[in-house]
Amino acid sequence: MSSIESVLTETRIFAPRDAFRQAATVSGLEGYQALCDAAEQDYTGFWADLARQEINWQTPFTEVLDESDAPFYRWFADGKLNASYNCIDRHLEKRANKIALIFEADDGAITNITYKELHQRVCRFANALKKQGIGLGDRVIIYLPMSIEAIVAMQACARIGAIHSVVFGGFSAKSLHERIVDVGAKLVITADGGVRGGKPVALKAAVDEAISQGGCEAIKKVIVYQRTGIDIAWHAERDLWWHEIESAESDYCEPVWVDAEHPLFILYTSGSTGTPKGVQHSTGGYLLGAITSMKWVFDHKATDIYWCTADVGWITGHSYVAYGPLALGSTQVVFEGVPTYPDAGRFWQMVERHKVSIFYTAPTAIRSLIKLGGDLPNRYDLSSLRLLGTVGEPINPEAWMWYHKVVGKERCPIADTWWQTETGSHMIAPLPGAINLKPGSCTRPLPGIIMDIVEEDGTHIDGTGGGLLVVKKPWPSMIRNIWGNPERFRKAYFPEELKGLYLAGDSAHRDEDGYFWIMGRIDDVLNVSGHRLGTMEIESALVANPLVAEAAIVGRPHEIKGESIVAYVVLKGERPEGDDAKTIAAQLRDWVGKEIGPIAKPDEIRFGENLPKTRSGKIMRRLLRSLAKGEEITSDISTLDNPAILEQLKQTVG
Ligand code: WTA
C-alpha cells in the first residue's frame, strides 16, 4: 500500500474579513482563480509577464523556460539583471529616505538605516570585496550574527556577482569547515562574536578553527566585523577589519549584470542522511519567486512594517529578509536576539515598539512561547498587526488557534506557508484576501505552482487520499542544482519512479475543498497494523489537550503491529514524575483514542522539559527513534540545541 491515511478532522473555517479582502492585492476567490487560470492557459507566458513587471532587467530576456536539459531547468536564460540593483538602486529615485532596516540589538538598542544609506554601505563593502580579488562567480562564506552587516554582505556579493553561502552562526567549526571546503570559498566574512540572550557567542574563533583544519587553502582573507569587542586571535596576513576596509571605499559601485541563471547563492541544507546539500539558486527566477510571494501571500504594501524573525542563515532569512522585502522597498525589522530574552514577551514588545503590521515566525517559537506564558501577548499593544505567518513545520491546529486569538485578536489572517530551501519561495500558502483558512492546513498552491499528491510510483491520487507531495511543473525559484553534485540532485529531487515530478520529501493529503495538509516527512511515516500514518496528526491531537505544549511521535519496530507508537510530550507546566506521570500518560492515551481512534493511541509516552531540535527549530525525530529503540546515540548531535534533555527522554513512564 503506497498511500498514507489521514486521521485528523479539522472543521473550523475562517473567511477573510471584508475590510481585509477589499484592500488585498489579490481580492476574493475570483482574484485567486483568475491568476490560476491565467497560469493554466499559458504557463510560461504567465511567469514571463510577471518577470517583466516585477524585475528591472538590464537586458530583457527572450527565452522563458528552457527544458532541453531537464531536470536542469533554465528560466529567462538570456536576460541580464543584478539582484542588488533590484533590491536597492531601483528605490532610490522615489524612496531614498525610506527606512529599509530597523535593527534591534539583543540589548534593545535600535539602529535605523534608509535605502540611501543601505546603498552606500553595500557599495562600499562591494568595492572592498573587489579590492580583495573577489569577482564574478567567486564563492564567499558569510558567518555572521543577525545584523545590518549580514544583509550588507549578502547584497554586496550579489552586486559584484560573487556567490554567497551563508552559514548559520550557531553552527560549529566542524560544520563551517565542511561547507567552506565543499563550496570552495575564497573568502570568509565573520564577526568577532555575537550576542544572544545576553550571552556572548564566539564566531571568529570558530572560523580560525575551521580554516586550520586543512582543505581551506583557497581562503585568502577573513573579514571581521567588530560586534562585541571580545579578544580574538589575529592573523595579520589574512584577517582584515570590516570597518577599516569599508571606510576607505567610495560610495558607489557599478552593479555587475549577470545572466538570470547565474547562481545568486548556495545554501546548505541537511537531509536525514549524508552530507549537507549545497542548494544552488539562480538570480532571476529566484528573485521573481521572492517578489511575487511577498505580494501575494504577505499582501505586502508600501506602508507595512514587516518582520520576519528568521535568521539569515536559513532560506527564510534569504527570501524573506535579505531579498524579498528589499526588492519591494519594504521597511523591515531585523532582530539580533532570541524570543525569550529578557523574557518571553520580547516578540510582542517589539511588535508594539515598531508597530509591526506583518509578522512571520515559526511554529516552534509559537509553541514554546505558549509554554512560557500564554497570556504574555495581552500585556502589549498588538493593534498594528494585520497579518501573521508561519513557516518551517506544520502548525498544530491548537497552536494556530492561540496565534489567531491571542496574538492576532481574531483580526489577522494567518498565512501558513509551505515551502523548502529547495523551492526558494512559498509554494502552498493562502492568499489572505482570497482563501478561507483552516487551522493546520497551508491551504492551496500559489498561482503558477502546480502541486499534486501521488503514490510511490508517481500515480496521481484522486480525491482525498494521502501520499507523496510533488510539484508537477518547473517553477522560476526552484533549486538549480546541488553544488558540485548533479547526480545527487537528480536522484534526490527527480527520482526515476516519479517520471519528472519534483519530489518534496513530505507526505500530505488533500481534503474535499482541494486544501493541502502536510503530514510530515516521508521518512517519518509510521506503519501501524498495516495503516500508514503521518506523525503530524497524532502530534496535533496531543497538542490539542490543554495540558500539552509540544509533542513528537515516532515509530518503534513491533513484532506484531509492524510499528508501535512512542510519544514524547512536553507539558505546559512542570515535567511530571512518578505516579503523576503515569496518570497523565494514561489520560493522554485516552485523549488520543477519543480524538483520533484507538489505532493512533501511543503505546508509550515519555515526558521531557523540551524536545531535541535542530538549530532551525525542527524536531529531530531520527534521534527520538533511536531513543525509543533504546539505542545509544551515535549519530552527529552537533546541531542539537539542547543535548541535556536526551537523558529525560530515555525514561519510560508507561
Ligand atoms: C517543513 C523552510 C508544514 C516541510 C522554508 C518541508 C512545513 C521542510 C512548512 C523544509 C509548513 C516547512 N507546513 N511543513 N508550513 N514549512 N515545512 O528547507 O517538511 O528548512 O519539506 O525550508 O520544512 O524545510 P527548510
Side-chain angles (χ1 to χ4, degrees), residues 4 8 10 166 168 170-171 265-272 276-281 286 289-290 293 297 308-321 323-324 360-367 388-397 399-400 403 414-430 437-446 449 451 466 468-471 477-479 482 492-493 502-509 515-525 534-537 539-540 552 613-622 639:
I4 301 163
L8 180 89
E10 171 61 58
V166 183
F168 174 56
F171 276 126
F265 63 85
I266 295 160
L267 180 61
Y268 284 83
T269 180
S270 26
S272 49
K277 297 180 278 214
V279 173
Q280 179 187 325
H281 277 288
Y286 171 80
S293 56
V297 179
C308 163
T309 67
D311 192 280
V312 288
W314 312 117
I315 189 68
T316 310
H318 283 58
S319 308
Y320 300 107
V321 179
Y323 291 105
Y360 189 36
T361 196
T364 175
I366 295 169
R367 288 191 304 260
L388 303 173
T390 71
V391 58
E393 278 181 295
I395 179 163
N396 318 95
W400 194 102
Y403 201 28
I414 296 179
D416 175 353
T417 61
W418 180 88
W419 60 295
Q420 307 179 293
T421 303
E422 295 86 345
T423 70
S425 54
H426 300 154
M427 300 293 279
I428 315 180
L437 306 175
K438 303 186 188 187
S441 167
C442 48
T443 75
R444 297 172 64 174
L446 268 57
I449 300 294
M451 307 285 310
L468 310 181
L469 185 65
V470 297
V471 191
S477 68
M478 70 191 293
I479 176 175
I482 292 177
Y493 303 111
Y502 168 87
L503 175 69
D506 284 355
S507 60
H509 76 98
Y515 279 49
F516 285 74
W517 299 77
I518 307 297
M519 297 159 83
R521 297 291 297 167
I522 304 171
D523 304 342
D524 298 332
V525 170
T535 48
M536 162 65 184
E537 302 184 317
E539 288 163 6
S540 288
K613 289 187 193 140
T614 63
R615 294 294 170 108
S616 68
K618 290 196 209 305
I619 295 168
M620 297 176 82
R621 290 194 186 72
R622 172 173 54 96
T639 54

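Order of listing sets the numbers, starting from 1, for every ligand and every atom in it. We use all heavy atoms of the structure for the numbers below, so side chains are in, but hydrogens, waters and symmetry mates are not.
- Contact annotation for I315 and ligand 1: only side-chain heavy atoms (C-beta onward) come within less than 4.0 Å of the ligand.
- Residue Q420 has at least one nitrogen or oxygen atom sitting less than 3.5 Å from a nitrogen or oxygen atom of ligand 1, judged on distance alone.
- Side-chain atoms of T316 and Y360 include no donor-acceptor pair closer than 3.5 Å.
- Between the side chain of T417 and the backbone N or O of T390, at least one donor-acceptor pair lies under 3.5 Å.
- Using a 4.0 Å heavy-atom cutoff, K618 is listed among the residues neighbouring ligand 1.
- Annotation for S507 and V525: closest pair OG-CG2, 4.0 Å, computed over non-hydrogen atoms.
- Remark: ligand 1 and D416 share an N or O pair separated by less than 3.5 Å (distance only, no angle test).
- The shortest contact between atom 10 (C) of ligand 1 and any protein heavy atom is with W419 O, 3.6 Å.
- When each atom of ligand 1 is checked for a heavy atom of V391 under 4.0 Å away, the hits are 5 (C).
- Ring geometry, W419 versus Y320: the interplanar angle exceeds 60°, so the pair is classed perpendicular (tilted spans 30 to 60°).
- Using a 4.0 Å cutoff on heavy atoms, C442 does not count as a contact of ligand 1.
- Ligand 1 has no atom lying under 4.0 Å from any heavy atom of W314.
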* **Full working for side-chain contact (heavy atoms from CB on, under 4.5 Å) between F265 and I315** => CA-CA 10 Å; F265 63 85; I315 189 68; 3.7 Å; yes
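- A donor-acceptor pair shorter than 3.5 Å cannot be found between the side chains of S293 and S425.
- Using a 4.5 Å heavy-atom threshold, the side chains of E393 and I619 count as touching.
- Ranking the protein heavy atoms by distance from atom 1 (C) of ligand 1 puts G392 O, 3.2 Å first.
- Across all their heavy atoms, T421 and H281 have their closest contact at O-NE2, 2.8 Å.
- For atom 19 (O) of ligand 1, the candidate residues are V279, T423, D506; the nearest heavy-atom contact is made by D506.
- Residue E393 touches ligand 1 through its backbone alone, judged by heavy-atom distances below 4.0 Å.
- Among protein heavy atoms, the minimum distance from atom 3 (C) of ligand 1 is reached at P394 N, 3.0 Å.
- Interface of T421 with ligand 1, defined as ligand atoms under 4.0 Å from a residue heavy atom, comprises 18 (O), 20 (O), 22 (O), 25 (P).
- If you check the side chains of S319 and Y286, you find a donor sitting under 3.5 Å from an acceptor.
- Every atom of ligand 1 is numbered from 1 in the order shown, and the set under 4.0 Å from a heavy atom of T417 is 9 (C), 11 (C), 15 (N), 16 (N).
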